[in-house]
Trainee: 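Encoded as structure tokens, here's the structure I'll be asking about.
Reminder, nothing fancy here: chain letters follow the sequence lines and each chain counts from 1. As the structure is a prediction and not an experimental result, all values here were calculated from the model.
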Protein chains: 2
Amino acid sequence: MALAALALVDSGGLESLTMRRLAASLSVQLPTLYRLFDNKQALLDEMAETVLSGVLGRVHLADDAEWAQRITALARALRDTLLAQRDGARIVGGAYTTKQHTLTLGETMQASMREAGFPADIALWASTTIFSFILGEVLEQQGATGGEVEALTASVSGERYPHFAAAPLALFVDFDARFDFGLRVLLTGLEAERARSTVDTSVQPSPPAGPPAT
Amino acid sequence: MALAALALVDSGGLESLTMRRLAASLSVQLPTLYRLFDNKQALLDEMAETVLSGVLGRVHLADDAEWAQRITALARALRDTLLAQRDGARIVGGAYTTKQHTLTLGETMQASMREAGFPADIALWASTTIFSFILGEVLEQQGATGGEVEALTASVSGERYPHFAAAPLALFVDFDARFDFGLRVLLTGLEAERARSTVDTSVQPSPPAGPPAT
DNA sequence: ACCTGAACACCGTTCAAGT
DNA sequence: ACCTGAACACCGTTCAAGT
């Protein structure tokens, strides 16, 4: 039933998801939904779980990959998963995130970092930081209307925003490049954090993470 | 009127904001609101602008501060501003962000980075990256119910999530520390990005940004 | 015991009818 | 020309009355 709800969101956006429409699409009576979910929020939580359940399946990576490559693959998989579902970021961001697939994802990220020598607290915060960054980026991308460049161009035309005017505005809405940049910056910063915090690892310190293939 | 709407959200949460209640709190008739705003989304956009208008006023910083200190001050001011308004992140994240105060904030961030020698595209993406990170963090913090540690403890009790179990769960909800960590990682990564991209600046390259005073 | 028609208490938005 | 009472077309949620 979470799948049917996600299909409704895919075709009409999150606003179009109503308990009545979901009941109709499932050919059940409206009160029947309330025996499956306590309320609409419980349905949305389940939808968030369903969306996230697809993430690990998207990760294709050798087990002996560098930690930065593994984190990159996980981050990309999460972003792609959110983008694949209309309003995916709003669904996931609005749910209470302590259920199974959320934990599995965080666990996997932390595992890669612990193996690479990160302390437990750093590994935890690194995964929450990456998660927040991805959520914020996809939220903005999925909220973009397509007319953003036009609106920006109009707003920026004067002399009040010289720096926005200096960068080609297309860069602002090049969400793939924005994401790659931000992720690379995070990984470079994390590598420095590891060098600072690890006293001894059997792994040779690798050079700053470097640009992941773009 | 955006202020009255924000006050309603402060006292009852975003769900409690309805056009009818807003009209009542302003002692006007319901249709009168529709002469001020085309619809509820336009009201929400204005509320987002109003929230963001407070950011720059929170920044207290010498003009000759290091770029990393300036970015840190701006990021902290934005986070504090979002946290100060109930559901502030949802309000700002749900609005179309090409209006005045959003642009001014982005402009200010880019100015600090351009002065420090960053190229225009890097300065632009750095500010969007930081913005996304902050929005994601505050979104999660403001969505937290208080019972999160309990829920996490219950979910994590078994052997399925050893890495979550390894880090004290209190770290997960120490949002101040999480934010400081993520911001520091971003700044360290950006410093490396600057070193990579700048051919010549009159400023002496500073050592990796280092922990901002916490 | 289960299911359902119908209702309750709301929404955002619009508009004809009054002044 | 402006304002407003009242309505329209919905919501999420609940429950009495039927089988």
Side-chain angles (χ1 to χ4, degrees), chain A residues 1-51 85-97 99 139 142-143 145 147, chain B residues 1-51 85-97 99 139 142-143 145 147:
Chain A
M1 49 267 106
L3 282 175
L6 289 170
L8 279 182
V9 174
D10 258 332
S11 68
L14 191 53
E15 290 76 11
S16 76
L17 174 66
T18 71
M19 298 300 265
R20 280 174 166 81
R21 273 202 264 250
L22 178 59
S25 92
L26 290 167
S27 302
V28 302
Q29 294 307 115
L30 180 54
T32 305
L33 285 183
Y34 286 87
R35 215 146 311 165
L36 302 172
F37 302 102
D38 281 350
N39 47 46
K40 193 179 183 183
Q41 184 58 53
L43 167 65
L44 287 165
D45 289 350
E46 180 111 355
M47 290 166 66
E49 281 295 301
T50 302
V51 168
Q85 167 67 52
R86 162 119 82 132
D87 287 327
R90 276 165 74 194
I91 293 168
V92 169
Y96 302 108
T97 54
K99 299 240 229 83
L139 213 49
Q142 290 182 325
T145 51
Chain B
M1 49 268 106
L3 282 175
L6 289 170
L8 280 182
V9 174
D10 257 333
S11 69
L14 191 52
E15 291 76 9
S16 76
L17 175 65
T18 71
M19 299 299 266
R20 280 174 168 80
R21 272 203 265 251
L22 178 57
S25 93
L26 290 167
S27 302
V28 302
Q29 294 307 115
L30 180 53
T32 306
L33 286 184
Y34 286 87
R35 216 148 311 166
L36 303 172
F37 301 103
D38 281 351
N39 46 47
K40 193 179 182 182
Q41 184 57 54
L43 167 66
L44 287 165
D45 288 349
E46 180 108 357
M47 290 166 67
E49 282 297 300
T50 303
V51 168
Q85 165 67 52
R86 162 119 81 135
D87 287 327
R90 276 166 74 193
I91 293 168
V92 169
Y96 302 108
T97 53
K99 297 238 231 85
L139 213 50
Q142 289 182 326
T145 52

Trainee: Whole Å only: how far is the CG atom of A:L43 from the P atom of D:dG12?
Mentor: 10 Å

Trainee: Which value, rounded to the nearest 0.5 Å, describes the distance between B:T50 atom OG1 and B:I91 atom CD1?
Mentor: 9.5 Å

Trainee: Rounded to the Å, how far apart are A:L36 CG and C:dC3 P?
Mentor: 10 Å

Trainee: Between A:Q85 (side chain) and A:V51 (backbone), is there a donor-acceptor pair under 3.5 Å?
Mentor: no

Trainee: Hey, what do you get for CG (A:L30) to CZ (A:R21), rounding to the nearest 0.5 Å?
Mentor: 13.0 Å

Trainee: Calculate, to the nearest 0.5 Å, the distance between atoms CG and CE belonging to B:L43 and B:M19 respectively.
Mentor: 5.5 Å

Trainee: Round to the nearest Å and state the distance from B:L17 atom CG to C:dG12 atom P.
Mentor: 8 Å

Trainee: Would the distance check show the side chain of A:D45 and the main-chain N or O of A:A95 forming a donor-acceptor pair, the cut-off being under 3.5 Å?
Mentor: no

Trainee: If I take atom CG in residue A:D38 and atom C1' in nucleotide D:dT14, what distance separates them, rounded to the nearest angstrom?
Mentor: 13 Å

Trainee: Quick one: on DNA chain D, does A:R35 or A:M19 contact a more 5' nucleotide (nearest heavy atom)?
Mentor: A:M19

Trainee: For D:dT13, what is the paired nucleotide under Watson-Crick or G-U wobble rules, both distances under 3.5 Å?
Mentor: C:dA7

Trainee: Considering Watson-Crick and G-U wobble pairs with both distances under 3.5 Å, what does C:dG18 pair with?
Mentor: D:dC2

Trainee: It should be established whether A:R20 places a side-chain nitrogen or oxygen under 4.0 Å from OP1 or OP2 of nucleotide D:dT13.
Mentor: no

Trainee: By nearest atom, which of the nucleotides C:dA6, D:dT4, D:dT13 is closest to the A:Y34 side chain?
Mentor: D:dT13

Trainee: Which whole-number value in Å describes the distance from A:L33 CG to C:dT4 C1'?
Mentor: 13 Å

Trainee: Just the rounded figure in Å: distance from P of C:dC11 to CG of B:N39.
Mentor: 17 Å

Trainee: If you only use heavy atoms from C-beta on, which nucleotide in D:dC11, C:dG12, C:dT13 is closest to the side chain of A:T18?
Mentor: D:dC11

Trainee: Starting from C1' on C:dC11, measure out to CG on B:L22 and report it in whole angstrom.
Mentor: 14 Å

Trainee: Provide, to the nearest angstrom, the distance between the CG atom belonging to A:L44 and the P atom belonging to D:dG12.
Mentor: 10 Å

Trainee: Quick one: on DNA chain D, does B:L30 or A:K40 contact a more 5' nucleotide (nearest heavy atom)?
Mentor: B:L30

Trainee: Please tell me if B:R21 has a side-chain N or O lying less than 4.0 Å from either OP1 or OP2 of C:dC11.
Mentor: yes

